[in-house]
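Everything on this sheet refers to the single structure shown next.
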Amino acid sequence: MHGPRSVDYLFKMTLNQKEGILLISYSGYFTVYDAKLFQRELELKLKSIRPEDYVLVIDMQEVRLSTPDLAPLLDEIKKAYLGAPFRYIYSVEADGWVASKPKRKEPARPNWSMVHTVDEALEQVKDGSRRAKKDAGHISD
């Protein structure tokens with residue numbers, strides 16, 4: 001895929017197979033090309049894993065769109081990761097533009113939580129893993 005790329009955006013997907021965590025971070029100024037590239041990489045990542053074996057951590061900060069026409073595409077991207085059957089989803093509270101938008105009700109998911117930072121999400125994943133192992137009798141206090 002070729003096209004103009006903005007240098008003011010970031011999207012990154014980090015897969016930690018050992019811990020069972022997929023971290024998706026995105027921020028900055030997105031062009032149509034950037035958003036389509038991100039969407040394609042997300043589709044490939046979701047096809048390469050079994051989401052039910054992973055916890056998803058989403059970190060979306062200060063996303064700015066080059067055109068209002070991008071909003072539906074970013075909504076499609078969000079639906080793709082929220083619609084995948086991850087064990088649990090942590091969403092980092094957004095700053096800036098995203099946080100200033102009126103809050104929309106997120107999908108009703110018993111396995112979805114807001115956190116303040118990526119580190120907070122990772123700590124909760126570790127705490128949850130320790131609790132699950134303790135409950136299964138694999139570790140003791």
Side-chain angles (χ1 to χ4, degrees), residues 1-139 141:
M1 190 182 291
H2 298 290
R5 289 185 67 177
S6 166
V7 294
D8 296 328
Y9 82 99
L10 167 73
F11 70 84
K12 183 176 179 181
M13 288 179 246
T14 306
L15 184 66
N16 181 330
Q17 291 178 318
K18 182 180 178 198
E19 299 291 330
I21 299 169
L22 174 60
L23 170 61
I24 299 175
S25 301
Y26 59 111
S27 63
Y29 181 82
F30 276 75
T31 66
V32 172
Y33 176 79
D34 301 329
K36 287 182 177 182
L37 182 64
F38 179 33
Q39 183 180 40
R40 179 69 180 140
E41 288 193 23
L42 177 62
E43 288 170 358
L44 291 172
K45 183 64 72 183
L46 291 177
K47 286 179 183 178
S48 74
I49 65 170
R50 287 176 30 104
E52 55 272 14
D53 294 337
Y54 289 87
V55 170
L56 175 64
V57 178
I58 296 292
D59 182 18
M60 180 180 71
Q61 300 294 323
E62 298 184 36
V63 172
R64 296 176 315 280
L65 308 179
S66 62
T67 172
D69 298 339
L70 270 175
L73 182 55
L74 286 182
D75 280 344
E76 282 181 38
I77 291 168
K78 187 176 181 180
K79 285 177 188 173
Y81 62 70
L82 288 177
F86 287 101
R87 277 194 339 245
Y88 206 90
I89 297 175
Y90 291 97
S91 184
V92 177
E93 290 180 0
D95 293 328
W97 179 83
V98 176
S100 69
K101 288 176 60 177
K103 299 271 187 216
R104 288 187 293 177
K105 186 173 165 84
E106 294 298 335
R109 288 184 72 127
N111 64 338
W112 181 83
S113 294
M114 292 291 291
V115 292
H116 297 288
T117 65
V118 169
D119 288 341
E120 180 184 350
L122 297 177
E123 188 60 36
Q124 288 189 27
V125 171
K126 288 178 187 174
D127 286 348
S129 294
R130 283 193 287 266
R131 271 194 305 277
K133 287 178 182 175
K134 183 179 178 184
D135 291 346
H138 297 293
I139 60 173
D141 287 329

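No experiment lies behind these values; they were computed from the predicted model shown.
- F30 CZ to S66 OG: the interatomic distance, rounded to the nearest 0.5 Å, is 10.5 Å.
- Closest of all the heavy-atom pairs between K45 and M13 is CB-SD, 4.0 Å.
- For the side-chain hydrogen bond (donor to acceptor under 3.5 Å, both in side chains) test, residues two or more places apart in sequence or in another chain that qualify with E52 are R50.
- For the pair Y90/L56, no side-chain contact is recorded, criterion being any heavy-atom separation below 4.5 Å from C-beta on.
- Atoms CZ and CG, on F86 and L46 in that order, are 5.0 Å from each other to the nearest 0.5 Å.
- With a 4.5 Å cut-off on side-chain heavy atoms, I77 and L42 count as touching.
- Between Y29 and D34 there is no side-chain heavy-atom pair separated by less than 4.5 Å.
- Not counting sequence neighbours, the partners of Y26 by the ring-ring contact (aromatic ring centres under 6.0 Å, His included) test are F38.
- Side-chain contact between K78 and L74: absent, with no pair of heavy atoms (C-beta onward) separated by less than 4.5 Å.
- Atoms CG and CG, on D75 and L70 in that order, are 11.0 Å from each other to the nearest 0.5 Å.
- We find the OG-CG distance between S27 and L10 to be 4.5 Å, quoted to the nearest 0.5 Å.
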Practice task
Test side chain to side chain contact (heavy atoms under 4.5 Å, CB included) on W112 and S91 and set out the steps.
Solution key: CA-CA 8 Å; W112 181 83; S91 184; 3.9 Å; yes

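- In this structure, CG in L122 is found 9.0 Å from CD in E19, a value given to the nearest 0.5 Å.
- E43 meets the salt bridge (charged side-chain N to carboxylate O under 4.0 Å, His left out) test with R40; sequence neighbours excluded.
- With L22 as the fixed residue, the side chain to side chain contact (heavy atoms under 4.5 Å, CB included) test singles out one of I49, V55, V57, T14: I49.
- For the atom pair L65 CG and L73 CG, the distance stands at 9.5 Å (nearest 0.5 Å).
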